[in-house]
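Working notes, beginning with the structure itself.
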Amino acid sequence: METETKDLKYFLEKYGIKLKKRLGQNFLVDKNIIQKEVALAQIKPDETLLEIGPGVGFLTRELLKYAKKVVAIEMDKNLAEILEKELPDKKLEVICADALQIDFPEFDKCVSNIPYEVSSKIILKLGKLRKPAVLIMQKEFAERLAAKPGEREYSKISVMSQYYFDSGILHIVSKKSFFPAPKVDSAIVRLTPKHADLKKSLGISDEEFFLKIIHALFQHKNMTVRNALIHSRNEFGFEKDTAKKIAENISLKDAKVRTLDLAMLAKVAKEIKKHEV
Ligand code: SAH
């Protein structure tokens, strides 16, 4: 395996940097995988790319070869400084910030090896913008994104991400491709935004409310819709008696939350919405 490990150690030593586990600092050092991700991203010369968590810039360097511009958001000040010093390129803009705290700048496609701790939140943020992405993420997390109703891995992030994206695992990445090696393997995943018409065809009139229902119900995904709604009533500010009454009138009340697909959830949301004042 041809790696960037030597370069990484050189940078860390030169700038006196200690890795922060808290920020998910496992760097992708396998040159083969870096190139594979870039190839799978099918970057066009007129595209502006967003990279979240560039680290010391091994992927960034490759992205710059193909894109019009790369905007990289890195939270760790020391790493952001390395990027600016070691990758002087007019096409690169480094933003030193927490990617969850800022509005993303204009971009066409997100290509990143994302920090694992914040994967869910990043996916949802990208989803709201309906932008395509090719990302490396933990394999188990990638499987959750694609899980179908009733499957063990089917969870809130499955539904939410399936509302925004079609997702597919393109390639499994061994944990050995990272330094330091994490405990689990990863995957290269493509996220393709779904058509904005989906909202209309599902009959969703209030998107915020629909997402709130998913959030509330999936806190109790092994319960029936009826019981989950009663347990999560505080999310909607319903009194227990009101929640019970509403729950009784939902046509899918006896279905287990974990078996509901998007269309069923939209139906439940619509029926609950009728009672929201
Ligand atoms: N993409 C690089 C580094 C991956 S490690 C590589 O493949 O080698 C994850 C990176 O994300 C680290 O550099 C870490 O500092 C950064 N990071 C973690 N949380 C972040 C956040 N909320 N916003 C921006 N960057 C973050």
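As the structure lists them, so they are numbered: ligands from 1, and atoms in each ligand from 1.
Using a 3.5 Å distance cut-off with no hydrogens or angles, the side chains of Glu106 and Thr48 do not pair a donor with an acceptor.
With respect to the salt-bridge test (charged N to carboxylate O, under 4.0 angstrom), the residues Lys85 and Glu81 qualify.
Using a 4.0 angstrom heavy-atom cutoff, Ala97 counts as in contact with ligand 1. Distances from ligand 1 to the non-hydrogen atoms of Leu59 include no value under 4.0 Å.
Taking the six-membered ring for Trp and thresholds of 30 and 60 degrees, His231 and His220 have ring planes inclined between 30 and 60 degrees apart.
Within ligand 1, counting atoms from 1 as listed, the ones closer than 4.0 Å to a heavy atom of Leu79 are 13 (O), 15 (O). Less than 4.0 angstrom separates some heavy atom of Asn26 from each of these atoms of ligand 1: 4 (C), 5 (S). Residue Asp98 approaches ligand 1 through these ligand atoms, each under 4.0 Å from one of its heavy atoms: 21 (C), 22 (N), 23 (N). Heavy-atom proximity to Phe27, at under 4.0 Å, picks out these atoms of ligand 1: 3 (C), 8 (O). Annotation for ligand 1: atoms under 4.0 Å from non-hydrogen atoms of Pro115 are 11 (O), 17 (N), 18 (C), 19 (N), 20 (C), 26 (C).
Atom CG of residue Asp30 and atom CZ of residue Phe178 lie 9.0 Å apart, to the nearest 0.5 angstrom.
Closest heavy-atom approach to atom 14 (C) of ligand 1 within the set Met75, Glu74, Lys20: this belongs to Glu74. Scanning Gly24, Gly57, Ala99, Ala80 for the heavy atom closest to atom 5 (S) of ligand 1 points to Gly24.
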